[in-house]
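A short write-up of the structure that comes next.
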Amino acid sequence: MSSALPASRPKIVLLSLGGTIASAPATPGGGSLPTLTATDIVAGAPGAEQVAELVPVSFRQLPSSHLTLVDLVALAREIEDRFADGFDAAVVTQGTDTIEETAFALDLLVADSKAIVVTGAMRGPSILGAEGGANLLAAVRVAASPAARGLGTVVAMNDEVHAARWVQKTHTSNVAAFRSPMTGPIGWLAEEAVRIAVRPVGREPVALGAGAPADIALLAMPLGEDGRLIGRLAEAGYEGAVIEAMGGGHVTPSAAEALERCAATMPVVIASRSGAGETLRRTYGFVGSEIDLAARGVIFAGWLPGPKARLLLSFLMGAGVRDPRAIAAEFERRRELS
Ligand code: ASP
């Protein structure tokens, strides 16, 4: 095969973390487990090595629900080291359940303009219609494309390219599970071509340095929730909280009181549970509204959904930004895309 390889190909590190793309049933008819290595995954994507010189690394072999923030920081450091060693780009394969979090964490933690592309699969390699090989080939094509430089981290799934900041998993099983509700995909693949149609603006990495990610709780606020768990966060060891509030940033009157007490002890960030749109600033004046909550000392996530707001808060605090006003300014700068 080597004689057929193009003379000069970009050098790409392929870091596999597990997930469906790396899974096979442990016993015939049994549940799938992430047992495949990075080398196995590359073998399932014929043609990828024509596009780039791939160096497969089995970084973790986990379901993506078992990954930790410490794993993500270690992954970011590994990619930085590989870039320093001369790799041109990185491809990460992992479970789709938390792809948007890994992608956003890398977007925040790796400042380099080299391409980082995350992909996975909705159907395991042993299932009819498995798309992991095609997704990996697409991810390698994107990572190898000069157009992918300077985009920040992107997710390549189902022949679409999504910016880490905007992408969300929106379906539990459909291969078209990934969407960017606020912006749409920034590009796509057609035959061998990679088209980047839109370049995201305003990426703001966080210099975590040797800091450890802070422990941040994420709580959702449905109709009628009085917020009694909010008062337990400090004793449970959390250093900050993200609240997925209703609509543009709304909670019940008793949750508003609990949030005020909590915000006096730790940074509290309000995101929306709606899945798209910004938290509001000046529309509603009822108790528990965005205007009322702002007066109670909370911070607003802007257009970041809860899980991504949690990552940003965790890394900011880990980087030593602990004053709520400084944290609010960091969230605002990113909301403004400036
Ligand atoms: N359902 C998942 C996947 O698509 C499992 C995981 O996230 O690890 O890979």
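Computation of the quantities below employed the complete heavy-atom set of this structure, encompassing side-chain atoms and omitting hydrogens, waters and symmetry-equivalent molecules. All ligand and atom numbering here is 1-based and tracks the order in the structure.
Protein neighbours of ligand 1 below 4.0 Å, counting non-hydrogen atoms: Gly19, Thr20, Pro63, Ser64, Gly95, Thr96, Asp97, Ala121.
Within the structure, every pair that satisfies the ring pair (Phe, Tyr, Trp, His ring centres under 6.0 Å) test and touches residues 267-295, not counting sequence neighbours, is listed here: His250-Tyr284, His250-Phe286, Tyr284-Phe286.
Proximity of a side-chain donor or acceptor of Arg310 to a complementary backbone N or O of Val242 within less than 3.5 Å is not detected. Between the Glu239 side chain and the Asp215 main chain, a donor and an acceptor come within less than 3.5 Å of each other. A donor-acceptor pair under 3.5 Å links the side-chain atoms of Thr170 to the main chain of Ala177, judged by distance alone.
Ionic pairing of Glu100 and Lys308 is not present here: no N-O contact between side-chain nitrogen and carboxylate oxygen is shorter than 4.0 angstrom.
A side-chain hydrogen bond (donor to acceptor under 3.5 Å, both in side chains) with Arg334 holds for exactly one of Glu332, Glu330, Glu336; it is Glu330.
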